[in-house]
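I have placed the structure first, in the form of structure tokens, so that the comments after it can refer back to it.
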2 protein chains.
Amino acid sequence: MSRFDSRSTSKIDQERGRFLKHLARTGLRVSRGRELIFNEVMQIHGHFTAEQLTKKCQKKNLKVSRPTVFRILHDLLAAGVIRETAFGDKHRHFEHVYDEKPHHHAFCIYCHGFIEFPDMKEDMVYHSIIEKKGFKILGHEMHFYGMCRKCQEKAA
Amino acid sequence: MSRFDSRSTSKIDQERGRFLKHLARTGLRVSRGRELIFNEVMQIHGHFTAEQLTKKCQKKNLKVSRPTVFRILHDLLAAGVIRETAFGDKHRHFEHVYDEKPHHHAFCIYCHGFIEFPDMKEDMVYHSIIEKKGFKILGHEMHFYGMCRKCQEKAA
DNA sequence: TCATATAATGATACACTATCTCATATGAGT
DNA sequence: ACTCATATGAGATAGTGTATCATTATATGA
Ligand SMILES: [Zn+2]
Ligand SMILES: [Zn+2]
Ligand SMILES: [Zn+2]
Ligand SMILES: [Zn+2]
């Protein structure tokens, strides 16, 4: 990142503030691991798994164990810095929130790839139905399933 | 089920026909296990995991192994008799299709329970966006996340 | 009916992710 | 420096789902 990219930097600082606030509120320390993982996560664009994050750190000789990665991802989730999406496989998938526009996913049932598309705020019809049941909505995702372009071409 | 409940019976027969057609088409046999699992699945209302289905069979002294359960669930998926939903935990969740209206789920992030709500066909705004990318849509789900009524009461 | 081929099944081992345990290291506060 | 709570890592553990493979069941045709 350019040192002149003040806009992007301030967004990260904003997220860092959110994280630090959460840590202070819950009596957790600003440990070496938490700073390290926070910085790495902020550099990832798109989705990642705990395994990918761990290997990314190891390549940089930033030593951090798998349990610690999961523990700190849990902290980041609780702080609202990252979100988790169920991809339907056996991994937990995360992505940070700060520069990602709200979006949804369409999964290919053949190659297990996916495409993303922006949230259109058109699904609010559901909100009143759900809230009438006493459920407090904090977020939502649309999952589409189907066949990606490549798999269609392969099949044809 | 009452023997006079012809409507419900015919729906199951319809699903059975779908399954048998799939088996014939793909050269699979109508084995003891397939009949057994099909019947059990049809009696379940709502979601189930392979583990729950296996235990349900064992309680009835219907002996069937875990690998076979998974194999036959795969057949039922391929036949379109059941569908799979990613709940964000480490289990695969299934439900049959025959008497379930198309619906979506709202998951409680605190107790991991969920509520269901009907599909409103209001999310078609996404279809053109996705199909412009060459993706062929076969199905979709809305996942809402939040706090269920009970957990709100507990917190208050 | 019997022989043969093919598919289905179950026991077992296996791969893999995520979590738990607990001993040690770290660090904030006195 | 001392105290003590928290953070961390090594290793064990739990829990799903899958692969292997020998055995059993079923279909087909002589
Ligand atoms: Zn594909
Ligand atoms: Zn995404
Ligand atoms: Zn709840
Ligand atoms: Zn459902």
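Reminder, nothing fancy here: chain letters follow the sequence lines and each chain counts from 1. Since we're looking at a predicted model, the values are computed, not measured.
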If you pin K90(B) and S31(A) to their nearest nucleotides in DNA chain D, which one's is more 5'?
S31(A)
Ring centre gap for F114(A) and H47(A) strictly below 6.0 Å:
yes
On a plain distance test, is the side chain of R92(A) in donor-acceptor contact with the base of dT17(C) below 3.5 Å?
no
Is the ring pair H104(B)/F117(B) parallel, tilted or perpendicular, if the boundaries are 30 and 60 degrees?
tilted
Just how far, in rounded Å, is C1' of dG17(D) from CG of D89(A)?
13 Å
Could you check whether the side chain of R34(B) and the base of dA8(C) have a donor-acceptor pair of N or O atoms closer than 3.5 Å, going by distance alone?
no
With rounding to the nearest 0.5 Å, note down the distance linking CG in N39(A) to CZ in R16(A).
5.0 Å
Figure out the CG/C1' separation between L23(B) and dA27(D), and round it to whole Å.
15 Å
Are the side chains of M42(A) and V81(A) in touch, meaning some heavy atoms are under 4.5 Å apart?
yes
Residues R18(A) and E15(A) bridged, charged N to O under 4.0 Å:
yes
Both H91(A) and V30(A) contact DNA chain C. Which one's nearest nucleotide lies toward the 5' end?
H91(A)
I need the CG-P distance between L36(B) and dA25(D), as an integer number of Å.
15 Å
Members of residues 41-60 of chain A that approach DNA chain C, where some heavy atom sits under 4.0 Å away
none
Nearest whole angstrom, please: distance from the C1' of dA25(C) to the CZ of R32(A).
10 Å
Output the residues of residues 62-76 of chain B in contact with DNA chain C, where contact means a heavy atom of the residue under 4.0 Å from an atom of the strand; sort by number or write none.
K63(B), V64(B), S65(B), P67(B), T68(B), R71(B), I72(B)
Testing the 3.5 Å rule here: is there a donor-acceptor pair between the side chains of Q52(A) and H91(A)?
no
How about V30(A) and F19(A): do any of their side-chain heavy atoms sit closer than 4.5 Å?
no
From the options Y145(A), F144(A), F87(A), select the one residue that forms a ring-ring contact (aromatic ring centres under 6.0 Å, His included) with H105(A).
F87(A)
Taking every non-hydrogen atom, the tightest pair across E95(A) and G46(A)
CB-O, 3.5 Å
